[in-house]
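Note that ligands are numbered from 1 as they come in the structure, with each ligand's atoms numbered from 1 the same way.
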Amino acid sequence: MNTVLAFSIPLLFSSMVWSGYLEYDQDVLIPGDWSRVGRVDPTQELELTFALKQQNIDLLEKILLLVSDPDSPQYGKHLSLQEVADLVRPSELTQKLVRGWLQSHGITNCSTVHTRDFLQCSMTSAVAETLLPGSRFYRYVREGQSVIRSSAPYSVHSEVQQHLDFVGGLHRLPPKGPSVSTEQQSSKAGFHLGVTPSILRERYNLTSHDVGSAENNSQAVAQFLEQYYHPADLAEFMGMFGGSFEHLSQVDKVIGTQGAGKAGLEASLDVEYIMSTGANISTWFFTNPGRHESQEPFLQWMVLLSNMSDLPWVHTISYGDDEDSLSTSYMMRINAEFMKAGVRGISLLFASGDSGAGCRHMGKGQNCFRPSFPASSPYVTTVGGTSFKNPFKVTYEVTDYISGGGFSNVFEMPDYQVTAVKKYLQTAAADLPPQAYFNVSGRAYPDIAALSDNYWVVSNRVPIPWVSGTSASTPVVGGMLSLINDQRLLKGLPTLGFLNPRLYKLQGRALFDVTEGCHLSCLDEQVQGKGFCAAPSWDPVTGWGTPDFASLQGFLSE
Ligand SMILES: *[C@@H]1O[C@H](CO)[C@@H](O)[C@H](O)[C@H]1NC(C)=O
Ligand SMILES: *[C@@H]1O[C@H](CO)[C@@H](O)[C@H](O)[C@H]1NC(C)=O
Ligand SMILES: *[C@@H]1O[C@H](CO)[C@@H](O)[C@H](O)[C@H]1NC(C)=O
Ligand SMILES: *[C@@H]1O[C@H](CO)[C@@H](O)[C@H](O)[C@H]1NC(C)=O
Ligand SMILES: *[C@@H]1O[C@H](CO)[C@@H](O)[C@H](O)[C@H]1NC(C)=O
Ligand SMILES: *[C@@H]1O[C@H](CO)[C@@H](O)[C@H](O)[C@H]1NC(C)=O
């Protein structure tokens, strides 16, 4: 009898040899653009992130849907970081077991976050390889970037397997950047309109009075590509293009370290455009949160959000990985982090990606589309891209063929979008790609769109035309949501928070429907490069369409 009890007491970790994988479906192949430069020294310090199993995640999701549903009496009753911590904090047992396991390997230099669900610990690579059987750490380099990752899957002691979601810092290399392109299409050569703040404000019905004025409103862009913006570029951009509306020409807060190198096009684009639609609103720039070679920059940003009680209300992020390259446990946990932000009244906007429906080669000439995460997460608002029908005029918009969109293979279709997506699947039935290419039961994206083609950006003091990508449309939409938050804050109303349940209830009202054009996909015989096509009301290319700000503000600022 007693032996059974004795077995369940977590003693003597080192004497128990069995261990289990946390991320059995994580892709550990190193992309070809990285080169391996050798094993790391056993004394090399690593900094790994332990994601401790949280409590009450089902309840967290319930609360998120209630506080985000405009028809619920709970609408807008957001939680503070402290309340989120009280809800999701790992159990005492989980905290004790994980700490005990780390301590039994001599790992004591750890820091935690306010919600206690992440531990970040430094240790040598020799200790890490003993702690995580299977792991083998190498250094990899790409164009001046250097990271440390494991070439093989890791496991953890069976006693803690149930208490951890994943360990960060072993896999998942930073994605290739920048995702913006400056490709000039020869057919459009010569003079062209080019998107500037005044063109955007004209197209989306923003008047010169539509600028922020609420005291504590703020917005943010987050960057994970080792990219910097230059304050001088922003000032020059606003000098050239900001003439017709009140705006700020400086970022209020930089979180992380800005390097001293050249400005990145993507970083310049993000700040210049969120501050053009979200004009006169305090703007923060999150940069390079993964300073250590073993850290995952995106994960570092997520960890940071759980440790800051005072955050901007809107964040726009241009970052994504192939859904099939990430472990399910990692994505589920990142979803929980998105929910934690949403219940606090924070809106997270992700670019839908620049590869249309994407393409995954399954072998034997078999292909299917390739969704991207976090774009495919049910708990964020995903932004697609459009172009002007006539590139020389402020006309209506059509699909930008690069606009990312499709159906998740991992996450089920959330209730808020079922009616809209089913309707699309019915009306577009004759025009849909073969069923083998996508998963009709998955979360479908994007949710909304904006122009993503032909932007003017100032970078390294030079005005650059033809900048394109959904990383342009995302801050444009983000700035507009910040303006609506501004109206709400002035009236003493809570911020918009997680927008999707409310956005889908508008059923396209206050948005310019985009109904023309298809995005790209696999270049094979079956689909010949064509993915999904835009259609009346919601579609998996441009979502519900692009914002008519004047009208959207009317609906959302009440
Ligand atoms: C603890 O870890 C931090 C972060 O990696 C490092 O800067 C610091 O030197 C470490 N402290 C000790 C005592 O090892
Ligand atoms: C979280 O913030 C606290 C105090 O502000 C700090 O001591 C701790 O190191 C932070 N945690 C991480 C993981 O950065
Ligand atoms: C700009 O914002 C500040 C508050 O941050 C406000 O006092 C000022 O009136 C705003 N300007 C306009 C034109 O609304
Ligand atoms: C809100 O205002 C306070 C006081 O001015 C400031 O310290 C804080 O950073 C602001 N918060 C945000 C999210 O802008
Ligand atoms: C389709 O998506 C669902 C989730 O909505 C998932 O459970 C299922 O495994 C997916 N099917 C394929 C073939 O990926
Ligand atoms: C917004 O702009 C469109 C066309 O640009 C126009 O037809 C519409 O009336 C405007 N809506 C509002 C509410 O101003």
Quiz prompt | Residues which pass disulfide (SG to SG under 2.5 Å) with Cys368, listed by chain and number, not counting sequence neighbours | solution = none
Practice problem: Could you tell me which atoms of ligand 5, counted from 1 in the order shown, lie closer than 4.0 angstrom to a heavy atom of Gly442? | Solution: 5 (O)
Practice problem: State whether Phe369 and Arg360 meet the cation-pi test: NZ (Lys) or CZ (Arg) under 6.0 Å from the six-membered ring centroid, and within 45° of the perpendicular axis. | Solution: no
Quiz item: Between Arg333 and Asp117, is the closest basic N to carboxylate O distance under 4.0 Å?
Solution: yes
Quiz prompt | Per-atom contacts, ligand 6 versus Ala550 - under 4.0 Å to a heavy atom | solution = 12 (C), 13 (C), 14 (O)
Quiz prompt | Contact check: Asn205 vs ligand 6, nitrogen or oxygen atoms, below 3.5 angstrom | solution = yes
Quiz item: Can the ring centres of Phe407 and Phe532 be said to be less than 6.0 Å apart?
Solution: yes
Quiz prompt | Geometric cation-pi criterion, Arg443 with Phe411: 6.0 Å, 45° | solution = no
Quiz item: Would the Tyr455 and Tyr273 ring centres measure less than 6.0 Å apart?
Solution: yes
Exercise. Taking only Lys NZ, Arg NE, NH1 and NH2, and the carboxylate oxygens of Asp or Glu, determine whether Glu397 and Arg203 approach each other closer than 4.0 Å.
Key: yes
Quiz item: Given that the side chain starts at C-beta and the backbone is N, CA, C, O, which of these parts of Asn439 lies under 4.0 Å from ligand 5, counting heavy atoms, or is it both or neither?
Solution: side chain
Practice problem: Carefully, step by step, assess Phe118 and Phe50 under the rule ring-ring contact (aromatic ring centres under 6.0 Å, His included). | Solution: CA-CA 6 Å; Phe118 286 111; Phe50 299 84; over 10 Å; no
Self-check item: Six-ring centre of Tyr437, Arg370 cation under 6.0 angstrom, axis tolerance 45°
Solution: no
Exercise. Identify, chain by chain and in numerical order, each protein residue with a heavy atom under 4.0 Å from an atom of ligand 1.
Key: Glu47, Asn109, Ser122
Quiz item: Is Phe407 in contact with ligand 5, taking contact as a heavy-atom separation below 4.0 Å?
Solution: no
Quiz prompt | Numbered atoms of ligand 5 (with element) below 4.0 Å of Ser441, judged on heavy atoms | solution = 1 (C), 2 (O), 3 (C), 5 (O)
